Amino acid sequence: ASTLAAAAQQSGRYFGTAVAANKLSDSTYVGILNREFDMVTAENEMKMDATEPSQGQFSYGNADRIVNQARNQGKRVRGHALAWHSQQPGWMQNMSGTALRNAMLNHVTQVASYYRGKIYAWDVVNEAFADGSSGGRRDSNLQRTGNDWIEAAFRAARAADPGAKLCYNDYNTDNWSHAKTQGVYRMVQDFKSRGVPIDCVGFQAHFNSGNPVPSNYHTTLQNFANLGVDVQITELDIEGSGSTQAQQYQGVVQACLSVTRCTGITVWGIRDTDSWRASGTPLLFDGSGNKKAAYTSVLNVL
Ligand code: XIL
């Protein structure tokens with residue numbers, strides 16, 4: 001195969017990218033997007049602050065630009081994200097208690113209903129676990145509404161769009177021996193045992209020298225898959241360059257390929273200059289849109 005999407009399709013998987021609405025007028029960007037990828041995630045446009053800037057007033061213009069562009073090109077869409085402690089609209093940031101719980105659930109219901117039938121998988125809840133050694137939940141206004149806020153969000157999402165896969169998504173959950181990974185694992189195990197609707201777990205996979213690709217990545221992905229969920233690499237980027245970076249990308253792709261229920265990989269941007277990382281070169285295309293060594297290593301191993 002000669003593109004990432006076509007290569008991933010050989011094993012029934014997808015290869016996606018984050019897309020920013022304001023780059024859809026950049027012909028180099030759109031050319032690579034249309035050629036190489038078959039799954040799209042809105043980089044910011046479907047987040048809570050973008051879709052509900054005033055309480056009860058929903059705004060889908062930029063999200064629709066991305067969803068329509070993708071679907072017109074035959075690509076699927078990962079929805080990102082329905083509930084998150086970050087990138088909340090101002091009105092939500094200072095809410096608490098029952099009012100916040102209800103506002104969150106209304107948001108989940110409204111946004112998932114609006115996009116019903118158009119989303120392959122939703123990141124229903126993003127980044128709800130704490131870093132460090134506790135293995136517990138992250139403190140946030142949403143967490144303070146009660147520990148059951150995550151399952152409540154998943155139930156609301158299922159009711160609103162029964163056809164979408166519902167994912168829990170987080171970072172620093174790649175290394176099987178980390179407490180955060182174990183904490184998320186126990187939550188998914190608990191959800192499955194109690195019938196809380198969850199279909200998939202997303203691994204953001206933002207790697208750099210301080211947070212390298214773990215050698216036990218396969219183990220992590222397989223152990224989650226063994227709970228009866230799909231797993232996906234949802235926001236992949238790896239700091240570095242040249243053959244070192246290329247090898248690390250290859251390792252991540254191999255870890256996914258070695259797990260039957262790892263259904264696809266998404267990179268968090270197209271060119272290095274599109275990356276959310278302020279400096280560095282963490283993606284598969286350089287600033288001019290040329291394929292990097294990392295691109296070739298990914299294509300070859302898919
Ligand atoms: C990032 C975007 O790439 C940036 O443009 C924005 O300023 C901040 O958010 N984890 C996530 C993504 O789940 O939504 C984040 O995206 C990166 C970290």
Side-chain angles (χ1 to χ4, degrees), residues 16-24 26 29 32-33 37 39-53 59 62-63 65-67 70 77-90 92-93 104 107-108 111-112 115 119-131 137-138 140 142-143 150 153-154 157 165-175 178 180-181 184 200-208 210-211 213 231-239 252 264-285 287:
T17 182
V19 168
N22 64 8
K23 290 178 182 155
L24 290 174
D26 175 334
Y29 182 87
I32 300 171
L33 169 62
F37 300 99
M39 184 73 76
V40 159
T41 306
E43 187 172 359
N44 290 296
E45 293 80 351
M46 288 176 139
K47 294 173 181 176
M48 299 179 104
D49 58 351
T51 50
E52 196 178 357
S59 157
N62 285 326
R65 260 168 225 122
I66 292 173
V67 171
V77 177
R78 288 191 89 265
H80 174 79
L82 293 171
W84 189 19
H85 70 275
S86 183
Q87 291 184 267
Q88 291 181 358
M92 185 180 278
Q93 289 174 24
M104 180 275 287
H107 181 88
V108 170
V111 177
Y115 284 110
I119 302 296
Y120 162 71
W122 266 112
D123 291 332
V124 178
V125 170
N126 196 30
E127 301 183 351
F129 277 72
D131 294 310
R137 299 285 181 85
R138 170 198 296 276
S140 73
L142 291 169
Q143 180 62 28
I150 298 181
F154 274 82
K165 290 182 186 289
L166 304 183
C167 302
Y168 176 78
N169 193 55
D170 214 329
Y171 67 93
N172 282 354
T173 47
D174 313 286
N175 193 318
H178 283 181
K180 187 173 178 180
T181 310
V184 174
C200 37
V201 175
F203 296 81
Q204 291 186 10
H206 298 294
F207 295 114
N208 54 50
N211 177 42
V213 181
V231 295
Q232 298 156 3
I233 309 284
T234 54
E235 304 182 13
L236 178 61
D237 49 25
I238 309 179
E239 269 301 339
V252 172
I265 299 170
T266 294
V267 289
W268 204 240
I270 296 179
R271 301 160 301 195
D272 285 333
T273 44
D274 300 316
S275 173
W276 70 307
R277 297 301 204 190
S279 62
T281 53
L283 294 171
L284 299 178
F285 296 85

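Numbering of ligands and ligand atoms starts at 1, following listing order. Just so you know, these numbers come straight off a predicted model, no measurement behind them. The basis for the numbers below is simple: all heavy atoms, side chains too, and nothing from hydrogens, waters or symmetry mates.
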| Based purely on interatomic distance, does Trp268 place a nitrogen or oxygen under 3.5 Å from a nitrogen or oxygen of ligand 1? | yes
| said: So, taking the atom named SG in Cys200 and the one named CG in Asp123, what distance separates them when rounded to the nearest 0.5 Å? | reply: 7.5 Å
| query | Sub-3.5 Å donor-acceptor pair from the side chain of Tyr29 to the main-chain atoms of Arg271, do we have one? | reply | no
| Which residue owns the protein heavy atom closest to atom 2 (C) of ligand 1, what's the atom, and how far is it? | Glu43 OE2, 3.4 Å
| field | Nearest-0.5 Å distance that lies between atom CD in Gln204 and atom CD in Gln232 | value | 13.0 Å
| Is there a nitrogen or oxygen of Trp84 sitting under 3.5 Å from a nitrogen or oxygen of ligand 1? | no
| Between the side chains of Trp276 and Glu43, does any donor sit under 3.5 Å from an acceptor? | no
| query | Which one holds for Asn126 and ligand 1: side chain close, backbone close, both close, or neither close, with close meaning a heavy atom under 4.0 Å? | reply | side chain
| query | In terms of residue, atom name and distance, what is the protein heavy atom nearest to atom 1 (C) of ligand 1? | reply | Lys47 NZ, 3.6 Å
| note | Distance col, row Phe285:CZ vs Thr273:OG1, nearest 0.5 angstrom, shows 12.0 Å
| task | Working to the nearest 0.5 Å, report the span between CZ of Phe203 and CG of Asn169. | result | 9.5 Å
| Starting from atom 8 (C) of ligand 1, which protein heavy atom do you reach first, and at what distance in Å? | Gln87 OE1, 3.5 Å
| field | Contacting atoms of ligand 1, where contact means under 4.0 angstrom from a heavy atom of His80 | value | 11 (C), 12 (C), 13 (O), 14 (O)
| task | Run the contact test for Tyr171 against ligand 1 with a 4.0 Å cut-off on heavy atoms, strictly below, and give the result. | result | no
| said: How far is atom 6 (C) of ligand 1 from the closest protein heavy atom, and which atom is that? | reply: Asn44 OD1, 3.3 Å
| request: Return the residue, atom name and 0.1 Å-rounded distance of the protein heavy atom closest to atom 11 (C) of ligand 1. | output: Glu235 OE1, 3.0 Å
| field | Exercise: do Asp131 and Tyr171 side chains pair donor with acceptor under 3.5 Å | value | yes
| Quick one: which ligand 1 atoms are inside 4.0 Å of a heavy atom on Glu127? | 10 (N), 11 (C), 13 (O), 18 (C)
| Atom pair NE2 (His80) and OG1 (Thr266), whose distance is rounded to the nearest 0.5 Å | 10.5 Å
